[in-house]
Amino acid sequence: MYSLLILASLLATPAPATPLPAATQATAPLIPERPQLMKGEIARLDPYGGWRDDSRQDPALLSLLREQNRWTTQQLAGQQPLAQTLQAEWQTRERGESVPEEWLTLAGSQWRMAADGSLWQRSDADSAPRQRLAPRQPAEGYYALAAWALHPGGRLLALAEDSRGDRDYRITVLSLASGETLATLPHRASDLLWSRDGKTLYTVANERRTLRPWQLWAWQAGKEALVHQEADPAWLLSLYRTTDNRHLILQSNNHDSAEQFLLDKGKAVLIKARQPGLEYYLDTQGERVLLKSNRDGVMGLYQAPSLAQVATGPWQPLWSGEGKDLEKWRLFARHTVLQYRKAGDDWLDVLDAGGKLTHSLALTDGAGTAWIQGAHDPASQQILIRRQGMAEPPHQRWLDLASGSWRQEQPASSSPYRSERRWVVGKDGARVPVSLVWRKDIQAPKALLLYGYGAYGTPMRPYYQPRVLSLLDRGFVYAIAHVRGGGLLGEAWYKEGRGQRKQQSVDDFLAVAESLARDPAIDPARLFAMGGSAGGLLVAAALNQAPTRFAGAVLQVPFVDLLGTMADPELPLTRQEYAEWGNPAIPADHAAMARLSPYDNLHPAPYPPLYVTAGLHDSQVPYWEPLKWLARLRAHSTGTGPYLLHTELEGGHLANPRTAELNAAREYAFLLSLAGVGH
């Protein structure tokens with residue numbers, strides 16, 4: 001085994017990479033134009049718009065996608081040994097990692113559902129589990145298990161399964177005793193709830209074209225009845241159960257408002273009518289009725305006298321979210337626990353039964369993250385907290401709620417990697433946080449992979465990513481740019497990067513790239529970018545505005561036809577996302593989107609090499625967006641590429657579990673080869 005010193009010497013000098021084939025731009029198989037007039041507030045002629053096929057069955061389309069896949073595989077053939085090496089490393093790491101299995105206590109036993117659809121039961125933590133349901137994953141094709149719900153008596157099992165990747169789920173109700181299928185309910189969201197008496201299974205149906213969760217159905221003894229329908233196309237339905245298991249809640253919400261119903265004897269009873277801009281989320285523990293709400297302008301915690309008085313009040317303020325971003329909360333018999341972010345770090349507050357703050361603890365500092373782990377027993381006096389960082393493997397420990405003291409469960413091990421959070425001054429003076437990780441014993445100037453997302457207020461947490469370690473071991477720095485539009489710094493940070501202000505996300509991403517390029521420890525000629533879905537829009541817009549800043553990029557199922565998608569209300573998510581991206585019917589919104597839309601702003605420029613992925617059955621970013629964008633980029637680029645497209649023909653927005661590791665290895669091998677690393 002090499003010593004760290006010898007290993008550092010080997011890693012500091014990258015081995016010559018197998019070069020990408022020359023003149024790849026010229027030899028790429030043509031994606032012919034298929035002009036189509038796109039309707040909307042402002043009609044436009046889309047040169048590749050005709051490649052849209054909602055059926056996904058057009059022979060010419062499928063032939064084209066297969067041809068692009070074959071060519072991509074051919075171009076990456078020289079990197080196959082490196083990709084195989086990466087996969088072997090990841091599998092070795094996975095075998096060495098110990099992740100505790102999570103068992104749920106239901107119907108007097110402990111239960112665990114595996115990703116392949118197999119169900120396991122044990123009487124307690126010391127007994128051997130037995131398989132109650134064989135794996136349901138087929139030998140071929142796509143399969144994803146999104147949710148499961150066990151009947152209160154343990155006799156029946158409801159599953160939400162996806163066989164295409166479009167998140168239009170099939171609900172299957174099974175008898176555990178006989179294995180018989182009692183019901184198959186198509187076109188559903190993944191929400192599943194059994195009533196307390198076990199007589200009724202509640203599910204949420206998807207609207208056919210848009211896949212909007214819009215109808216609540218009750219299944220009972222083989223028959224279904226419609227309970228509630230959400231008429232507003234911008235609102236979505238969802239289900240959850242209160243902490244004490246006494247109540248089932250039907251929730252309807254849009255981007256900034258909520259309305260809830262109590263499910264009682266097959267009826268949806270309104271709790272509090274919707275008001276524009278008002279969010280409220282109810283939970284109960286015994287006689288305590290608590291609500292997370294933005295009633296006073298920021299998200300805080302309140303207590304109502306009873307369920308019947310939620311609508312009329314008064315609500316007693318228990319905890320203010322001023323300067324904090326409340327993420328999770330848990331109710332206990334004698335405590336309330338709140339997890340929140342403050343200035344980008346994770347914190348925990350513990351309140352006693354009367355709502356008085358007894359403990360406030362910082363869970364992280366810098367490039368790390370922590371959260372409340374799993375389900376909990378409301379009668380317990382402790383809570384499990386899981387923590388990890390970019391250079392810190394996952395570990396967990398118990399917090400005693402009465403004393404505020406920790407009991408170590410899994411000690412964190414030492415690491416050859418180092419991480420930190422930096423702050424970069426953006427274009428307009430805003431301070432943009434950046435999380436970085438690298439290998440401490442490699443001193444040569446490092447290549448950099450910059451990841452970005454920046455949408456929906458989602459904080460891209462600095463997780464421990466075992467696959468990224470393979471980049472770090474080969475002389476890379478991995479960084480996450482926490483741009484505006486994301487949620488690391490709270491609600492205001494999110495609002496500064498959405499709608500007409502979306503350009504500020506791109507400005508932040510480019511400012512971070514420029515700042516890191518000036519770091520003496522980083523090779524400015526080997527900066528790479530990566531983004532997926534909405535992060536693909538971020539990276540693609542950055543490439544339009546600074547095409548020579550990056551030496552290459554990977555865009556995973558990228559949302560790149562901003563104008564085209566938001567002008568089509570029949571597509572999934574469009575009407576629910578006007579607040580996020582803008583409504584083309586509003587002139588100021590349309591103008592901002594037109595300036596930003598990656599597909600509409602391609603221009604003659606030396607775009608860097610690109611690897612782009614798509615999913616044929618993707619319902620969130622339809623396959624034609626990356627296809628059209630790459631075709632148009634090839635037509636405009638003055639660079640040599642390569643500009644590669646791989647479409648997963650048996651998958652959607654999320655990676656196909658069968659091919660996810662292979663595809664990730666190809667993406668990483670692509671970047672490593674561009675960086676001059678060949679082993």
For [Y], does its backbone N or O pair with a side-chain atom of [X] as donor and acceptor, under 3.5 Å?
{"X": "Gln68", "Y": "Leu645", "answer": "no"}
{"X": "Gln576", "Y": "Pro233", "answer": "yes"}
{"X": "Tyr202", "Y": "Gly266", "answer": "yes"}
{"X": "Asp53", "Y": "Asp58", "answer": "yes"}
{"X": "Asp191", "Y": "Leu239", "answer": "yes"}
{"X": "Trp493", "Y": "Val483", "answer": "yes"}
{"X": "Thr200", "Y": "Ser195", "answer": "no"}
{"X": "Thr647", "Y": "Leu616", "answer": "no"}
{"X": "Thr242", "Y": "His247", "answer": "yes"}
{"X": "Arg164", "Y": "Gly652", "answer": "no"}

Verify whether one side chain among [X] and [Y] offers a donor that lies under 3.5 Å from an acceptor in the other.
{"X": "Thr613", "Y": "Gln556", "value": "no"}
{"X": "Tyr456", "Y": "Glu580", "value": "no"}
{"X": "Ser118", "Y": "Trp120", "value": "yes"}

Residue pair [X] / [Y]: nearest heavy atoms and the distance that separates them:
{"X": "Arg341", "Y": "Leu488", "answer": "NH1-O, 2.8 Å"}
{"X": "Pro32", "Y": "Trp51", "answer": "O-NE1, 2.8 Å"}
{"X": "Tyr280", "Y": "Leu291", "answer": "CD1-CD2, 3.9 Å"}
{"X": "Gly277", "Y": "Asn294", "answer": "O-ND2, 2.9 Å"}
{"X": "Ser257", "Y": "Trp235", "answer": "CB-CH2, 3.6 Å"}
{"X": "Tyr578", "Y": "Pro584", "answer": "CE2-CD, 4.1 Å"}

Going by heavy atoms in the side chains, are [X] and [Y] under 4.5 Å from each other?
{"X": "Asn254", "Y": "Leu236", "answer": "no"}
{"X": "Asp162", "Y": "Leu654", "answer": "no"}
{"X": "Thr574", "Y": "Thr565", "answer": "yes"}
{"X": "Leu596", "Y": "Asn601", "answer": "no"}
{"X": "Leu270", "Y": "Phe261", "answer": "yes"}
{"X": "Arg132", "Y": "Leu157", "answer": "no"}
{"X": "Val612", "Y": "Leu633", "answer": "no"}
{"X": "Leu543", "Y": "Leu610", "answer": "yes"}

With the threshold set at 4.0 Å, does a side-chain nitrogen-carboxylate oxygen contact exist between [X] and [Y]?
{"X": "Arg56", "Y": "Asp166", "answer": "no"}
{"X": "Glu230", "Y": "Arg274", "answer": "yes"}
{"X": "Arg44", "Y": "Asp561", "answer": "yes"}
{"X": "Arg208", "Y": "Asp168", "answer": "yes"}
{"X": "Arg188", "Y": "Glu224", "answer": "yes"}

Check: In Å and rounded to the nearest 0.5 Å, what is the OG1 to CD distance from Thr203 to Gln215?
Finding: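 Answer for the OG1-CD pair, Thr203 versus Gln215, is 10.0 Å.
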
Next item on the list: To the nearest 0.5 angstrom, please state how far the CZ atom of Arg295 sits from the CD atom of Glu279.
Entry: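 The CD atom of Glu279 is 14.5 Å from CZ of Arg295, to the nearest 0.5 Å.
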
Margin query: Assess the residue pair Ile171 and Trp217 against the criterion (side-chain contact (heavy atoms from CB on, under 4.5 Å)); give the C-alpha distance rounded to whole Å, side-chain angles, the decisive distance to 0.1 Å, and a yes or no.
Written below: CA-CA 12 Å; Ile171 307 301; Trp217 288 81; over 6 Å; no

Notebook entry, point to check: Can Leu649 and Arg66 be said to form a side-chain contact (heavy atoms from CB on, under 4.5 Å), step by step?
Noted result: CA-CA 8 Å; Leu649 300 179; Arg66 292 189 181 103; 3.8 Å; yes

Next item on the list: Could you note down all residue pairs passing salt bridge (charged side-chain N to carboxylate O under 4.0 Å, His left out) where residues 656-666 supplies at least one of them, sequence neighbours left out?
Entry: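 Not a single pair qualifies under salt bridge (charged side-chain N to carboxylate O under 4.0 Å, His left out).
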
Check: Can you tell me if NZ on Lys328 sees more than 12 non-hydrogen neighbours from other groups inside 6.0 Å?
Finding: yes

Next item on the list: Report, as yes or no, whether the 6.0 Å neighbourhood of atom CD on Glu140 holds more than 12 heavy atoms from other residues, nucleotides or ligands.
Entry: no

Next item on the list: Tell me whether the guanidinium CZ or amine NZ of Arg632 lies under 6.0 angstrom from the six-membered ring centre of Tyr599 and within 45° of its axis.
Entry: yes

Next item on the list: Determine the sole option in Glu648, Glu650, His646 for which the side chain to side chain donor-acceptor pair (under 3.5 Å) test with Thr659 is passed.
Entry: Glu648

Check: What's the verdict on side-chain contact (heavy atoms from CB on, under 4.5 Å) for Leu571 and Arg52, showing C-alpha distance, side-chain angles and the deciding distance?
Finding: CA-CA 12 Å; Leu571 284 172; Arg52 171 177 172 176; 3.6 Å; yes

Checklist line | Audit row: Leu159, Met113, side-chain contact (heavy atoms from CB on, under 4.5 Å) steps and yes/no | finding: CA-CA 10 Å; Leu159 303 172; Met113 179 68 76; 3.5 Å; yes

Item checked: Parallel, tilted or perpendicular, as decided by the 30° and 60° cut-offs, for the rings of Trp194 and His151 ->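 Answer is perpendicular, since the angle exceeds 60°.
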
